[in-house]
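Because only heavy atoms are used, hydrogens play no part in the values below, and waters and symmetry mates are left out as well, while side chains stay in. Letters go in sequence order (proteins before strands), and every chain restarts at 1.
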Protein chains: 2
Amino acid sequence: MTKPTIKDIAAKSGVSIATVSRVLGNKTGSYSEKTRTKILKIAKELGYRKNSVAVDLVKKHSDVIALIINATPTNFSTQIIDGIQQRADELGQGVIILYAGNRDHALQHQAIITALERSVTGILLAAIEPDEEDLTLLKESRIPFCFVSLYFGTTAILAVSSDNRELAYQATQYLIDRGHTRISLAGIDGYHTGSQRQAGYQDAMAANRLPAATVLSGNYSYEAGKKLLQAVVDQGSTAVIAASDMVAAGLLTAAHQQGVRVPADLSIMSIDGTIICQITTPALTSMTQDFYQIGSQSVNKVLGQPAADFVSVSVTERDSVARLD
Amino acid sequence: MTKPTIKDIAAKSGVSIATVSRVLGNKTGSYSEKTRTKILKIAKELGYRKNSVAVDLVKKHSDVIALIINATPTNFSTQIIDGIQQRADELGQGVIILYAGNRDHALQHQAIITALERSVTGILLAAIEPDEEDLTLLKESRIPFCFVSLYFGTTAILAVSSDNRELAYQATQYLIDRGHTRISLAGIDGYHTGSQRQAGYQDAMAANRLPAATVLSGNYSYEAGKKLLQAVVDQGSTAVIAASDMVAAGLLTAAHQQGVRVPADLSIMSIDGTIICQITTPALTSMTQDFYQIGSQSVNKVLGQPAADFVSVSVTERDSVARLD
DNA sequence: ATGAAAGCGCTAACAA
DNA sequence: TTGTTAGCGCTTTCAT
């Protein structure tokens, strides 16, 4: 037997499909209690299930927001997703997640197109650095989109994130306040987030009349961290700001292997503050981002509700930063 | 201006919508090169984008598979998703991910319904323990579904996973081969995966004429691990098998805090083998699962292609297990 | 190679 | 309160 439709229900209950549609769609007041009961009963008997595709077509819109993510942010994506899902639910929207691989541009592009073709209410892009083509595609669609955990330096493009410049500034100042003067920054790339953090770091150093070290670039990964420890040591720093928890973890692993004691020989300040910080030995002191808030605010924003541009960060003291006196 | 449709293209190019549809759908041989060029040009000018919702409605099916995940498997989900995405792509299927929260039954149920209503090609459920209602729902739909990283002990329900009994057996035997006789098992629950692992552990102990300890149950999380260390110590064990990398990490943190040396005082054998194992100090020896394979095989299976039921595991030696001599 | 027309499953006027 | 009807944007016979 084929999947039952409202037509089948209508036939079996002797009413028109319009009436069935009304009952199933809860158009209160437009049907009698008697027909309602009858229709619901028959629908259940038949194992009826609404065809959302047909509904979306006629309504010309979905009550679904699309979230595009990539592999990189493994650690924090759960919190972002939680925030998004929760808030979307409150606002009566479903969420479908589209996976863009490991910063794979083809997949990323494909994901955007998929979202566009499905007439979603809005598109959220988590930790995605779009290329020009993607951005044009997005702008030309009539669908609102919002970047999550990424800020373009302009309010022309909707986005919700931590204030990366401020975040890095605070991290640097925190280290300086504890007596560090030679501080490295490791693991960031040259895109928006990376260059904002670089600016914050450099500004803080300058404000304290300290020389900024050459930024050690990387892709926010564990491997990048491992690879960069030597460079940090070579810079003669007593402290390093890691671009992410994963970079911090990599730095730490390499430090263990090379006999560099943390924090006695080298202090590490991580950025993100996910559970990774608790797992390592020593636990990692971090600039902690509020990913849940970032997620839920971005839903507000993409749906046109009042929302914050920046979500506040805070330092979480653990055991990877030493006081130099 | 409203979103352009094939009707607009047809009007502007002086052909019928049928022809436009043929060109856009690549129905080779059913149109002349000349019209093709013209239509493509106009489509581009208009910024035309196909309405997949309409296509799905008329074709009555989606070329999309739905993947339902929950928050728990944060660490390994990326690999599973990679495997799924990759294989689905090869088979011409898109993937949409539906998030079921943290083992949130309402959300889980909702996710299944969403998938069902969108006439997807197949449904994949990653590390989801369904309740009776969910299972009935799934069975009554005509949509193929497959559990990922979960095995029911029967081939009646499609599933791809590691052989959990065998995995736990090997973990136990590995420890026994290194001289351990008092071994704990910590962090599993009583559902399918948990009880299969428990059986493997108990069988291995019995086969070696060793007494199995009472299983220390938990929910596979970092917190569970932290909480269970004391119990492991109380059991007087020299080794513990952790239900997951996160449990192992929790055990390790608590061990550090309580002055229990790993592996000198206590050996830890983890299950999963994700990057978490490399991050901790000492690095965690693990039973490593091939999550990528689990993902890609599950796509094969749900699409009716030949596929494995079980994907092989292997032990990855790191630094958390001591040899007792 | 192209067009006319039917219809996918549903909602939303408009009538009655 | 209910039925009739006209689509939503597209694909697919069936003609031509």
Comparing B:Tyr48 and B:Arg22 on DNA chain D - which has the more 5′ nearest nucleotide: B:Tyr48
Nearest-neighbour nucleotide for the A:Ala54 side chain, D:dG9, C:dC10, D:dT11 considered: C:dC10
Atom pair distance, as rounded to whole Å: CG in A:Leu24 and C1' in C:dC10: 11 Å
Electrostatic pair B:Asp56:B:Arg118 at N-O distance under 4.0 angstrom: no
Integer-rounded Å distance: C:dT11 P and A:Tyr31 OH: 13 Å
Nucleotide C:dA1, atom C1' - distance to CZ of B:Arg36 in whole Å: 15 Å
Sugar-phosphate only, base, or nothing, as touched by A:Ser21 at under 4.0 Å among non-hydrogen atoms: base
Ring center gap for A:His192 and A:Tyr151 short of 6.0 angstrom: no
Which nucleotide in D:dT2, C:dT11, C:dG9 has an atom nearest any side-chain atom of A:Ser32: D:dT2
Toward the 5' end of DNA chain C, by each residue's nearest nucleotide, B:Lys60 or B:Val15: B:Val15
OP1 or OP2 of D:dT2 under 4.0 Å from side-chain N/O of A:Thr35: yes
A:Ser16 side-chain N/O to D:dG3 phosphate OP1/OP2 under 4.0 Å: yes
Nucleotide nearest B:Ala18 when distance is taken to its side chain, options C:dG3, C:dA12, D:dT11: C:dG3
Pair A:Asp82-B:Tyr99, side-chain donor/acceptor within less than 3.5 Å: yes
Note, A:Leu150 side chain near A:Ser161 side chain (heavy atom, < 4.5 Å): no
Length of the line joining A:Asn51:CG and C:dT11:C1', which is rounded to integer Å: 13 Å
Value in whole Å for how far the C1' atom of D:dC10 lies from CG of B:Asp8: 13 Å
Below 4.0 Å: OP1/OP2 of D:dT12 and any side-chain N or O of B:Lys27: yes
B:Asn26 CG to D:dT11 P, straight-line distance once rounded to whole Å: 11 Å
Sugar-phosphate only, base, or nothing, as touched by A:Gly25 at under 4.0 Å among non-hydrogen atoms: nothing
Separation of C:dC8 P from A:Leu57 CG (nearest whole Å): 13 Å
Flag side-chain contact, heavy atom, 4.5 Å: B:Val15 against B:Ile9: no
d(CD1, B:Ile17; P, D:dT11) in whole Å: 9 Å
Sugar-phosphate only, base, or nothing, as touched by B:Thr19 at under 4.0 Å among non-hydrogen atoms: sugar-phosphate
Sugar-phosphate, base or nothing in reach of A:Ser30, heavy atoms under 4.0 Å: base
